[in-house]
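The chains referred to below are lettered A, B, ... by the order of the sequence lines, with proteins before strands, and numbering in each begins at 1.
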Amino acid sequence: MRRSQSLVPTLREDPADAEALSHKLMLRAGLIRQLGAGIYLFLPLGQRVLDKVNAIIREEMNAIGGQEITMPVIHPAEIWKQSGRWEGIPEMFKLQDRYGRDLCLGMTHEEVVAWLAAREIRSYRDLPQIWYQIQTKERDEARPRSGVLRTREFLMKDSYTLDPDVAALDRSYGAHDRAYRRIFDRCGLRYWVVQSDTGMMGGLGSHEFMAPAAAGEDEIAICEGCGYAANVEIARGVPAPPAFPAWTREEVATPGARTIAEVSRLLAIDPRLTIKSLLYIGKTSGPVLVLVRGDHALHERKLARALGQEVRPAHPDEVRQHLGAPAGSVGPVGARVTVLADEHLKDGVYVVGANRDGFHLRGVAPGRDFDCRFADLHTVTAGEACVQCGKPLVVEKAIEIGNIFKLGTKYSVALDAMYLDESGREQPIVMGSYGIGPARIAAAAIEQLADGDGIVWPWSIAPLHVYIVCVNVKDQAQRAAAEAIYDACRTHGLEAMLDDRDERPGVKFKDADLLGIPVRVTVGNSLVKEGVVEVRSRKTRQESRVPQDKVIDAVHAIRATESRN
RNA sequence: CGGGGUGUGGCGCAGCCCGGUAGCGCACCUGCUUUGGGAGCAGGGGGUCGGAGGUUCAAAUCCUCUCACCCCGACCA
């Protein structure tokens with residue numbers, strides 16, 4: 001590519017509406033432009049990065065027997081009605097054709113896969129199968145954000161496995177796990193494989209691939225001792241217990257104290273000696289009083305999982321109606337609703353709301369002073385002990401770059417995707433589904449590797465390998481040498497950008513740093529005076545001066561030390 | 001969906017409180033000089049001030065409605 005003729009619109013300043021580092025840099029480096037909320041164009045260099053990522057994905061998917069196909073973006077409503085997902089997904093874009101027939105834009109493709117399988121898979125001899133595509137998904141996200149990290153239209157590699165039984169599904173799942181690790185390793189990312197919530201959609205198990213980054217939307221808990229890693233949606237930890245005083249049960253006046261902080265300050269006690277009582281309304285069960293330790297936060301998904309239904313916080317008037325006291329003074333003793341407590345409240349004595357405005361009860365022991373069910377409900381915080389080995393947990397923000405999911409037979413049963421087993425019996429196909437977000441890989445790489453001057457691409461997914469700066473394009477000797485190096489790169493399999501613009505050197509150097517292409521070759525004065533050019537690593541910033549005919553060797557040498565493949 | 005914020009030339013912003021007919025930096029065009037870390041001088045082009053309505057002699061500025069985008073939360077199959 002010649003810079004003078006390429007669409008690489010770099011920006012000198014941070015765009016006003018970008019917050020995340022990767023968002024700013026992708027805009028500034030001219031990789032993307034925004035058309036609307038969560039709708040992006042990929043410009044030439046951004047496209048090249050996606051191409052690199054997708055090539056790696058294809059290689060590794062093909063290596064485990066994946067077969068690439070392309071499924072439609074427009075789906076007839078019928079298959080979604082059959083699976084039961086036509087209603088109740090607010091993210092689904094729905095539309096009608098000119099005859100008024102209902103259609104939707106594909107946000108995922110389990111239905112289409114099951115439809116295909118229902119028609120083409122008949123015998124156990126046809127199994128297993130791995131089908132995948134790299135294709136556009138459409139989701140009407142409630143809140144698109146952070147540039148390319150959560151968008152309404154995005155590229156996804158989605159694959160689907162078809163197996164005769166759960167044991168075979170486990171093998172397909174394992175193959176994906178290994179392929180994903182190779183993919184993310186090759187893309188130069190630091191990541192964790194974490195246990196994740198299978199959600200309301202059910203399923204037999206799932207894992208997420210999480211790349212730690214400040215812009216990440218998810219939080220993961222990690223044990224550096226034993227390798228335990230889980231999304232905080234399900235992560236368990238053992239909080240350090242406080243020293244319990246020898247309290248006897250009594251009512252204490254706490255005028256005006258509503259929050260845990262106020263109550264513990266008033267009573268001059270450790271907040272860990274209090275219990276936070278929260279009234280929730282279950283979709284089917286009605287009111288439930290939920291208890292967590294005063295210093296803990298309830299994780300609503302954990303609550304929903306424990307109850308097996310969706311929940312919402314009660315309104316203030318509902319709190320008064322069910323408990324006879326305002327929020328801030330409520331507690332489990334004498335409450336006429338179901339009580340669910342965090343499992344770490346089993347032992348000890350606490351201060352709880354008295355269900356009487358301005359009063360709390362001191363010395364209350366869960367199980368003794370009130371009945372309740374125990375479950376893991378609190379959000380893990382950094383420093384809690386690992387449930388497996390006892391070492392302190394670390395909590396990090398992370399970008400979900402991939403997920404693998406054991407679906408089971410939900411879709412095959414719904415869409416009648418059956419096969420005949422060895423004994424001639426009809427059985428539902430056992431499915432799995434697996435996703436990777438190529439743009440998220442690019443953003444995660446930027447987040448993890450960028451420095452103060454811009455992007456630092458790993459070799460494997462860099463849009464180009466070499467950035468050639470011709471310091472003064474009006475100097476014929478420089479110009480000729482730069483062109484010769486540019487040609488040499490091409491003949492030696494190196495992808496190069498020749499910055500042939502008539503700009504000040506500083507402009508070109510700043511741009512080279514911003515773009516993050518692994519090697520910069522500078523053709524300038526030292527060529528004229530000493531016959532050498534400079535070859536510089538973007539990552540290490542180390543520079544060597546080499547004769548013009550040794551440039552390719554020097555580039556390969558840097559690549560050999562910095563690249564994993 | 002709840003809360004907060006922002007819309008002024010391609011980009012980043014000032015002007016708005018206190019109404020008087022739009023300005024700065026960068027970018028862009030022309031010329032000259034300059035060429036190793038975002039050059040200098042001179043000249044020049046480009047803006048329905050997000051949109052609609054209203055108040056007023058007069059609206060970027062005040063009022064009402066509306067649209068778009070960003071951030072926090074909820075949601076995220």
Side-chain angles (χ1 to χ4, degrees), chain A residues 9-20 23-24 27-28 30 33-40 80 83-92 104 106-111 137 139-147 149-152 154 156 158 196-203 206 208 215 217-218 231 233 297 299-301 304 310-313 315 400 403 405 407-408 410-411 414 431 433 435 437 453-454 469-475 478-479 499 501-514 520-529 532-534 536 541 543 545:
Chain A
T10 53
L11 267 20
R12 189 180 293 239
E13 294 172 273
D14 281 337
D17 44 357
E19 191 92 357
H23 189 194
K24 288 179 186 169
L27 253 7
R28 285 192 57 205
R33 283 296 182 264
Q34 180 174 5
L35 179 61
I39 309 175
Y40 286 85
W80 288 85
S83 71
R85 295 207 286 184
W86 177 253
E87 304 292 343
I89 305 183
E91 283 78 22
M92 186 187 284
C104 66
M107 43 187 299
T108 181
H109 284 75
E110 283 83 8
E111 279 79 358
K137 295 281 183 284
R139 295 182 187 174
D140 190 5
E141 289 290 347
R143 184 150 98 81
R145 72 183 111 185
S146 307
L149 287 180
R150 181 164 293 274
T151 56
R152 294 193 288 178
F154 60 100
M156 183 185 219
D158 47 324
S196 66
D197 184 11
T198 54
M200 289 299 138
M201 153 177 183
S206 65
E208 291 166 338
E217 299 182 279
D218 287 279
N231 194 308
E233 290 171 359
H299 199 293
E300 289 190 7
R301 290 188 76 91
E310 296 292 351
V311 295
R312 64 167 174 84
H315 302 302
E400 183 186 349
N403 63 67
F405 201 104
L407 288 174
K410 173 173 173 175
Y411 299 97
M431 291 176 57
S433 83
D453 291 314
V469 173
C470 182
V471 173
N472 185 352
V473 292
K474 288 178 179 153
D475 180 321
Q478 288 185 27
R479 177 102 208 189
D499 195 340
R501 294 174 299 171
D502 184 11
E503 286 284 357
R504 307 274 308 179
V507 172
K508 301 184 198 183
F509 292 145
K510 289 287 184 189
D511 256 13
D513 288 344
L514 213 211
R520 186 183 86 197
V521 175
T522 307
V523 180
N525 284 335
S526 44
L527 174 84
V528 182
K529 291 180 194 150
V532 297
V533 299
E534 286 110 46
R536 182 186 195 253
R541 301 174 185 236
E543 190 167 73
R545 295 153 58 81

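Pairing partner, B/G43: B/C29, with both Watson-Crick or wobble hydrogen-bond distances short of 3.5 Å. Nucleotide B/G2 is matched to B/C72 when pairs are restricted to Watson-Crick or G-U wobble geometry with both distances under 3.5 angstrom. Both distances falling under 3.5 Å, in either a Watson-Crick or a G-U wobble arrangement, place B/G12 opposite B/C24.
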Please tabulate, one pair per line, each protein N/O and nucleotide N/O from nucleotides 40-43 of chain B that are separated by under 3.5 Å, including the distance.
none

Could you list the protein-to-nucleotides 28-34 of chain B atom pairs, N/O on both sides, closer than 3.5 Å?
residue: B/U34; atom: O2; partner: A/Arg504; partner atom: NH1; Å: 2.8

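Listed by chain and residue number, A/His109, A/Gln133, A/Lys137, A/Met156, A/Tyr160 satisfy the side chain to side chain contact (heavy atoms under 4.5 Å, CB included) test with A/Asp158 (two or more places apart in sequence, or in another chain). By the salt bridge (charged side-chain N to carboxylate O under 4.0 Å, His left out) test, A/Glu217 pairs with A/Arg145, A/Arg150, A/Arg440, sequence neighbours left out. By the side chain to side chain contact (heavy atoms under 4.5 Å, CB included) test, A/Asp453 pairs with A/Asp451, A/Asp513, A/Arg538, A/Arg541, sequence neighbours left out. Annotation: side-chain hydrogen bond (donor to acceptor under 3.5 Å, both in side chains) contacts of A/Glu208 (sequence neighbours excluded): A/Asn231. With sequence neighbours excluded, the residues that form a salt bridge (charged side-chain N to carboxylate O under 4.0 Å, His left out) with A/Arg501 are A/Asp499, A/Asp511. By the side chain to side chain contact (heavy atoms under 4.5 Å, CB included) test, A/Ala20 pairs with A/Ser22, A/His23, A/Ser146, A/Ala215, A/Glu447, sequence neighbours left out. Residues satisfying the side chain to side chain contact (heavy atoms under 4.5 Å, CB included) test with A/Ala297, not counting sequence neighbours, are A/Thr379. With sequence neighbours excluded, the residues satisfying salt bridge (charged side-chain N to carboxylate O under 4.0 Å, His left out) with A/Glu534 are A/Arg545. Under the salt bridge (charged side-chain N to carboxylate O under 4.0 Å, His left out) criterion, A/Lys529 pairs with no residue, sequence neighbours left out.
The gap from the P atom of B/G40 to that of B/C26 amounts to 7 Å, rounded to the nearest Å. Atom P of B/A59 sits at a distance of 11 Å from the matching atom of B/C49, rounded to the whole Å. B/G44 and B/U61 have their P atoms separated by 31 Å, given to the nearest Å. Of the P atoms belonging to B/U48 and B/A60, the separation is 12 Å, rounded to the nearest Å. Taking the C1' atom of each, B/G15 and B/G7 are spaced 15 Å apart, rounded to whole Å. Here the separation of B/G46 from B/G36, taken at their C1' atoms, is 34 Å to the nearest Å. A distance of about 24 Å separates the C1' atoms of B/U64 and B/C1, rounded to the whole Å.
Side-chain nitrogen and oxygen atoms of A/Gln478 include none within less than 4.0 Å of the OP1 or OP2 phosphate oxygen of B/U35. At B/C69, none of the side-chain N or O atoms of A/Arg145 fall inside 4.0 Å of OP1 or OP2 (strictly under the cut-off). In this structure, A/Arg143 reaches the B/C72 phosphate: one of its side-chain N or O atoms is under 4.0 Å from OP1 or OP2.
Of the candidates B/C75, B/C69, B/U35, B/C69 carries the atom nearest the A/Gln34 side chain, counting heavy atoms from C-beta on. Of all nucleotides listed (B/G37, B/C70, B/A77), B/A77 comes nearest to the side chain of A/Arg139. Closest contact between the side chain of A/Glu534 and the listed nucleotides B/C70, B/G38, B/G36 involves B/G36.
Heavy atoms of A/Ser83 sit nowhere under 4.0 angstrom from any nucleic acid atom.
The base of B/G37 sits with one of its N or O atoms less than 3.5 Å from a complementary donor or acceptor on the side chain of A/Arg520. Side-chain N/O atoms of A/Arg536 and base N/O atoms of B/G36 include no donor-acceptor pair closer than 3.5 Å.
If you find the closest nucleotide of RNA chain B to A/Val507 and to A/Arg150, the one lying nearer the 5' end belongs to A/Val507. Taking for each of A/Asp218 and A/Asp453 the nucleotide of RNA chain B with the nearest heavy atom, the 5'-most of the two is the partner of A/Asp453.
Between A/Arg85 and A/Glu110 a salt bridge is recorded (basic side-chain N to carboxylate O distance below 4.0 Å).
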Readout for nucleotides 6-15 of chain B: B = base within 4.0 Å of protein heavy atom, S = sugar-phosphate only, - = neither; 5' to 3' it is ------SS--
